[in-house]
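Below is one structure, written out as C-alpha cells; the observations come after it.
Chain letters run A, B, ... following the sequence lines, proteins first and then strands; every chain starts at 1. A quick note: this is a predicted structure, and the numbers were derived from the prediction, not measured.
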There are 2 protein chains.
Amino acid sequence: MEITRKAGVAARSRPPLSKGRLLSAAVALADEGGVDALSMRNIAQALGVVPMALYKHVANKNELLDGMIDVLMDEIDPPAADTDWKTTVRRRVLSARGMLLRHPWAPAVIESRTKARTAPTPAVMRYLDSMIGIFRAGGFPVQLVHHALHVMGSRLLGFSQELFEDRAGTGEPDPDAMPPEEMAARYPHITELAMAVAHDPESVVGSGCDDQFEFEFALDLTLDGLERLLGRT
Amino acid sequence: MEITRKAGVAARSRPPLSKGRLLSAAVALADEGGVDALSMRNIAQALGVVPMALYKHVANKNELLDGMIDVLMDEIDPPAADTDWKTTVRRRVLSARGMLLRHPWAPAVIESRTKARTAPTPAVMRYLDSMIGIFRAGGFPVQLVHHALHVMGSRLLGFSQELFEDRAGTGEPDPDAMPPEEMAARYPHITELAMAVAHDPESVVGSGCDDQFEFEFALDLTLDGLERLLGRT
DNA sequence: CACGGTAGGTGTACGGCGTACACCCGTCAA
DNA sequence: TTGACGGGTGTACGCCGTACACCTACCGTG
C-alpha cells in the first residue's frame with residue numbers, strides 16, 4: 001500500500017537525481033535569479049533534497065559551475081559545413097550570442113572558471129578548436145588565425161562586454177537616478193550620445209539602441225578587417 | 001611616558017584610518033592575493049583594526065569595491081590634447097591596459113560592479129565620457145561614435161578578455177596537465193596553433209605569444225576599421 | 001536464501017563570510 | 001562642566017561551502 005520508499009523517509013517517489021538533473025536545476029536557478037542566487041543549499045531545496053546529496057554527483061561547487069558551462073556550450077549550433085569561413089564564423093558566433101542572451105550570467109562564470117583553471121572548460125576548448133579549424137579551412141595561415149583570435153577576443157564567445165546593461169523597458173524608475181541636467185553637466189558627451197541614439201528614428205526598439213545590430217556591426221567590422229588581412233598574404 | 005592612546009587599549013599610535021588608507025589597503029591586498037582573498041575581515045587585520053571599524057568609512061563591501069575602482073581609474077593617464085583622435089585614443093587605451101596589468105583582478109570587479117549598479121562607477125563614466133569626447137573632437141558623428149564604442153567593446157577599457165591567462169613562465173608544472181598526444185588528438189587546431197606560436201622566432205618572449213603585440217595589433221585593426229568608416233562619411 | 005558491498009540520500013558540525021546593533025571612550029564646542 | 005559626536009570595539013546572526021559519519025535500499029555472489 002505504501003509508496004516504494006527509498007533512502008530514508010523524506011524521499012518518496014522522486015526521480016533519482018542524476019548529474020544531468022542537478023545541472024539542469026542549477027542552470028534554471030541561475031537563469032531566474034542570476035549566479036549569485038545559486039547556492040548548493042537552494043539547488044538542493046529546488047530538487048527536494050538535502051544539500052549534501054549534491055556532493056554525490058559533483059565534487060564541489062566549482063565542478064558544478066564547470067558542468068553548467070558544458071550544458072550551455074551544447075546549446076551552440078555546430079558549424080555549417082557548406083559555406084565560406086566568414087559566414088560560418090559569423091553564424092556560429094551569433095548562435096553563441098543567442099545562447100548567452102538566454103543565460104546572461106554565463107560570461108562571468110565562463111570567465112571566472114577559465115581564470116581559476118589553467119585552461120578553459122573542455123567544452124569551451126572544443127568550441128575554440130572548431131573555431132580555429134574554420135579559419136584554417138578558410139585559408140588562414142596559423143599566425144593569422146592567432147591574430148584573429150586576439151582581434152575577436154571575447155566576441156568569439158558571443159559576448160563583448162556591454163557596459164550599459166539593457167535595463168530599459170523594465171519600467172521601474174531607478175530611485176537614485178541622476179537628474180538630466182546634472183547628467184549633462186557631468187558627462188556631456190555621454191549625454192549627447194544618449195540623446196542622439198534615443199532619437200534615432202531607425203532604432204525605435206525600447207532601449208534606443210539595437211544591441212543585435214550593434215553586435216553584428218562590430219562583428220562584421222572585425223571580420224572585414226580580417227578579410228583584408230587575409231587578402232594581403 | 002605612555003604613548004598617546006586613543007579609543008580603547010588596542011589602538012596605540014596608529015594612523016587614523018581614513019577612507020583613503022582603507023582603499024589603498026584593499027587594493028594592495030587584492031593585488032597580491034586576487035579579489036577572492038579580499039574580505040572585510042582581512043582588510044581590517046591588515047590595518048590592525050577590528051572588522052566593524054571599516055564600516056565607519058564605507059557603507060558596505062560593494063561601496064568599497066566601487067571606491068577601489070575609482071582608485072584604479074585615477075591611474076590612467078589623462079588624454080593628450082595635441083594629437084589626432086587615433087593616437088590619443090590609442091595612448092589612452094594602452095595606459096588603461098597598463099593599469100589593468102598591474103591589477104589583474106580589476107576587469108572582473110569593474111564588470112560585476114557595473115552589472116550590479118544601473119550604470120558604471122562615476123570614475124568609469126568620466127573615462128567613457130572623455131573617450132567619447134576624443135572621438136567627437138576627431139570629427140566622428142555621434143552615431144559613428146556610438147558604433148565605435150560597440151566595436152571597441154571591452155578593449156576601450158584596456159582589456160579584451162584573454163582566454164588563456166599568461167601562466168607560462170611561472171615554471172610550476174601543472175599537476176593535471178594533459179599529455180601532448182591526447183591534447184593533439186582532442187584539440188588538433190589548438191595544438192597546431194600553440195606549436196606554431198611557440199616556434200615563432202619573432203616572439204621568443206616566454207609564453208611564446210607577445211600579449212602586448214597582440215593587443216596593439218587588435219587595437220590597430222579596429223582603429224583602422226573605424227578610420228575607414230570615418231573617411232566614408 | 002543469506003550476506004556483504006556499494007551507490008546514494010541524510011544529519012550534524014565547523015570555519016568563514018558580510019554586517020546589524022549596542023557600546024564605549026576621547027575630543028571639542030558651548 | 002557638559003554633552004554631542006566621530007570613530008574604534010564586541011557580540012551575535014544568518015548565510016555560505018563542505019568534511020565526516022551514518023543509514024538504507026539494492027544487487028551480485030556464495
Side-chain angles (χ1 to χ4, degrees), chain A residues 1-26 29-30 33-68 105 108-109 112-113 116, chain B residues 2-26 29-30 33-68 105 108-109 112-113 116-117:
Chain A
M1 247 344 110
E2 189 160 31
I3 319 168
T4 66
R5 59 170 63 185
K6 33 186 164 182
V9 64
R12 32 173 58 83
S13 75
R14 196 205 309 133
L17 181 56
S18 63
K19 179 159 183 176
R21 273 180 31 85
L22 168 48
L23 292 179
S24 302
L29 235 59
V35 73
D36 297 329
L38 196 70
S39 70
M40 299 305 265
R41 285 175 151 91
N42 61 14
I43 298 171
Q45 189 173 26
L47 289 166
V49 119
V50 91
M52 286 310 293
L54 309 185
Y55 288 86
K56 291 287 150 92
H57 302 271
V58 289
N60 49 46
K61 191 176 184 181
N62 283 338
E63 194 181 289
L64 181 140
L65 290 174
D66 289 347
M68 292 171 68
W105 45 272
V109 173
S112 83
R113 288 306 300 144
Chain B
E2 188 160 34
I3 320 167
T4 64
R5 60 170 61 187
K6 35 187 162 180
V9 64
R12 32 174 58 85
S13 75
R14 194 204 311 131
L17 182 55
S18 63
K19 180 160 182 175
R21 275 180 30 85
L22 168 50
L23 292 179
S24 302
L29 236 60
V35 73
D36 297 330
L38 196 71
S39 71
M40 298 305 266
R41 285 174 150 92
N42 62 13
I43 297 170
Q45 190 173 25
L47 289 165
V49 117
V50 91
M52 286 311 292
L54 309 185
Y55 288 87
K56 291 285 151 87
H57 302 271
V58 290
N60 48 48
K61 191 177 184 181
N62 283 338
E63 194 182 289
L64 181 139
L65 290 173
D66 289 347
M68 294 170 67
W105 45 272
V109 173
S112 83
R113 288 306 300 144
R117 305 159 43 103

Using whole Å, report how far [atom1] of [X] lies from [atom2] of [N].
X	N	atom1	atom2	answer
A:Gln45	D:dC15	CD	P	11 Å
B:Met52	C:dC24	CE	C1'	15 Å
B:Leu47	D:dG7	CG	P	15 Å
B:Leu22	C:dG18	CG	P	13 Å
A:Ile43	D:dT18	CD1	P	11 Å
B:Leu65	C:dT19	CG	C1'	15 Å

Practice problem: Could you tell me which non-hydrogen atom of B:Glu63 sits nearest to which non-hydrogen atom of B:His57, and how far apart they are? | Solution: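 Looks like OE2-O, 4.3 Å.
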
Quiz item: For the residue pair B:Ala30 and B:Leu38, what are the closest heavy atoms and their distance?
Solution: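 What the structure gives for the nearest pair is N-CD1, 4.0 Å.
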
Practice problem: Name every residue in residues 54-61 of chain A that has at least one heavy atom under 4.0 Å from any atom of DNA chain C, in order of residue number, or write none if there are no such residues. | Solution: A:Lys56, A:His57

Self-check item: Nucleic acid contacts of residues 34-42 of chain B, taken as heavy-atom distances under 4.0 Å to DNA chain C
Solution: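 DNA chain C contact set from residues 34-42 of chain B: B:Leu38, B:Ser39, B:Met40, B:Arg41.
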
Exercise. With rounding to the nearest 0.5 Å, note down the distance linking CZ in A:Arg113 to CG in A:Leu65.
Key: 6.5 Å

Quiz item: Nearest 0.5 Å, what's the NZ-CG distance between A:Lys19 and A:Leu17?
Solution: 12.0 Å

Practice problem: Report the residues that fulfil side-chain contact (heavy atoms from CB on, under 4.5 Å) with B:Asp36, sequence neighbours left out, ordered by chain and then residue number. | Solution: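 By the side-chain contact (heavy atoms from CB on, under 4.5 Å) rule, B:Asp36 matches no residue at all.
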
Practice problem: Could you tell me, to 10°, how much the axis swings from one end of the helix from C:dC1-D:dG30 to C:dA30-D:dT1 to the other, five pairs per end? | Solution: 10°

Expected list for residues 42-56 of chain A: side-chain donor-acceptor pairs under 3.5 angstrom, two or more places apart:
residue: A:Asn42; atom: OD1; partner: A:Ser39; partner atom: N; Å: 3.0
residue: A:Asn42; atom: OD1; partner: A:Ser39; partner atom: OG; Å: 3.3
residue: A:Asn42; atom: ND2; partner: A:Ala37; partner atom: O; Å: 3.3

Exercise. For the pair B:Val35 and B:Met68, evaluate side-chain contact (heavy atoms from CB on, under 4.5 Å) and give the outcome as yes or no after the intermediate values.
Key: CA-CA 11 Å; B:Val35 73; B:Met68 294 170 67; 5.8 Å; no

